[in-house]
Amino acid sequence: KAGVTQTPRYLIKTRGQQVTLSCSPISGHRSVSWYQQTPGQGLQFLFEYFSETQRNKGNFPGRFSGRQFSNSRSEMNVSTLELGDSALYLCASSPSGQASYEQYFGPGTRLTVT
Amino acid sequence: GENVEQHPSTLSVQEGDSAVIKCTYSDSASNYFPWYKQELGKGPQLIIDIRSNVGEKKDQRIAVTLNKTAKHFSLHITETQPEDSAVYFCAASKPGTASKLTFGTGTRLQVTL
């Protein structure tokens with residue numbers, strides 16, 4: 001089974017721009033979560049989507065948003081980029097439902113904001 | 001909210017020795033505790049997990065123990081090999097928000113020959 005895929009793998013943007021990152025979960029997985037990884041803050045939960053609905057949300061500003069499509073693929077968007085948004089953005093997928101705890105991560109998208 | 005502390009931040013062991021990484025969590029409602037291994041340039045890889053109704057779980061050279069009373073859990077790697085060198089993260093989540101993992105700060109494990 002193919003793993004979680006994320007595109008693009010690397011991205012360079014300028015302050016004030018917006019960016020969209022994409023994630024394709026493992027086939028059959030319906031839950032997709034997003035995390036931000038930085039050297040200073042570590043791994044932090046952004047949000048989770050299940051059946052096209054945001055089910056859980058972390059403590060990030062409204063500039064960070066996401067969505068999920070009917071095929072479970074997910075996108076996250078960051079508007080009005082700031083230098084501090086430079087990070088590795090990780091997507092994780094999980095089989096389904098509240099009883100499925102295991103999350104499997106993709107390789108991430110490295111975002112650099114200049 | 002939940003807080004997960006992880007120690008040590010770096011660990012160097014000789015090949016064949018054992019390595020132990022410890023984590024403590026703050027929220028007694030947490031019931032799921034996975035461990036991830038992250039190699040350079042890759043995403044975290046789930047290596048083992050444990051739920052609060054189990055005290056210990058083993059998978060070949062890797063084991064995890066959980067002490068609910070003390071709110072701490074540990075990763076044990078026996079017979080370490082150079083390919084075990086990576087950053088290891090512990091995490092915790094609660095019922096109803098199982099996908100919302102709170103991670104520890106990571107342990108950089110180096111296995112030397």
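In this text the structure is predicted, and so the values were computed from the model without any measurement. Chain letters run A, B, ... following the sequence lines, proteins first, then strands; residues in each count from 1.
The pair A:Glu82-A:Arg63 meets the salt-bridge criterion, with a side-chain N (NZ, NE, NH1 or NH2) lying under 4.0 Å from an Asp/Glu carboxylate O.
The shortest heavy-atom contact between A:Gly66 and A:Tyr49 is O-OH, 2.7 Å. In terms of heavy atoms, A:Arg30 sits closest to A:Ser51 at NH2-OG, 2.9 Å.
Using cut-offs of 30° and 60° on the angle between ring planes, the pair A:Tyr104 and A:His29 is tilted. The aromatic rings of B:Tyr25 and B:Phe33 lie tilted to each other, with the angle between the two planes from 30° to 60°.
Heavy-atom distances place both the backbone and the side chain of B:Pro44 under 4.5 Å from chain A. For chain A, the nearby parts of B:Leu101 are the backbone and the side chain; heavy atoms of each come within less than 4.5 Å. Proximity to chain B is absent for every atom of A:Leu46, based on heavy atoms less than 4.5 angstrom apart. Contact annotation for B:Gln38: only side-chain heavy atoms (C-beta onward) come within less than 4.5 Å of a heavy atom of chain A. Neither the backbone nor the side chain of A:Gln41 comes within contact range of chain B, judged by heavy atoms closer than 4.5 Å. Heavy-atom distances place the backbone of B:Lys42, and not its side chain, under 4.5 Å from chain A. Looking at A:Arg9, the atoms closer than 4.5 Å to chain B (heavy atoms on both sides) all sit in the side chain, from C-beta outward. Only the side chain of A:Leu90 comes within contact range of chain B, judged by heavy atoms closer than 4.5 Å.
Counting heavy-atom pairs closer than 4.5 Å to chain A, the top residue among B:Thr105, B:Leu46, B:Asp49, B:Thr102 is B:Leu46.
Taking the ring centre of A:Phe50 as origin, the terminal cationic atom of A:Arg55 falls inside the region bounded by 6.0 Å and 45° from the ring axis.
For the pair A:Phe47 and A:Phe60, the minimum side-chain heavy-atom distance is 4.5 Å or more.
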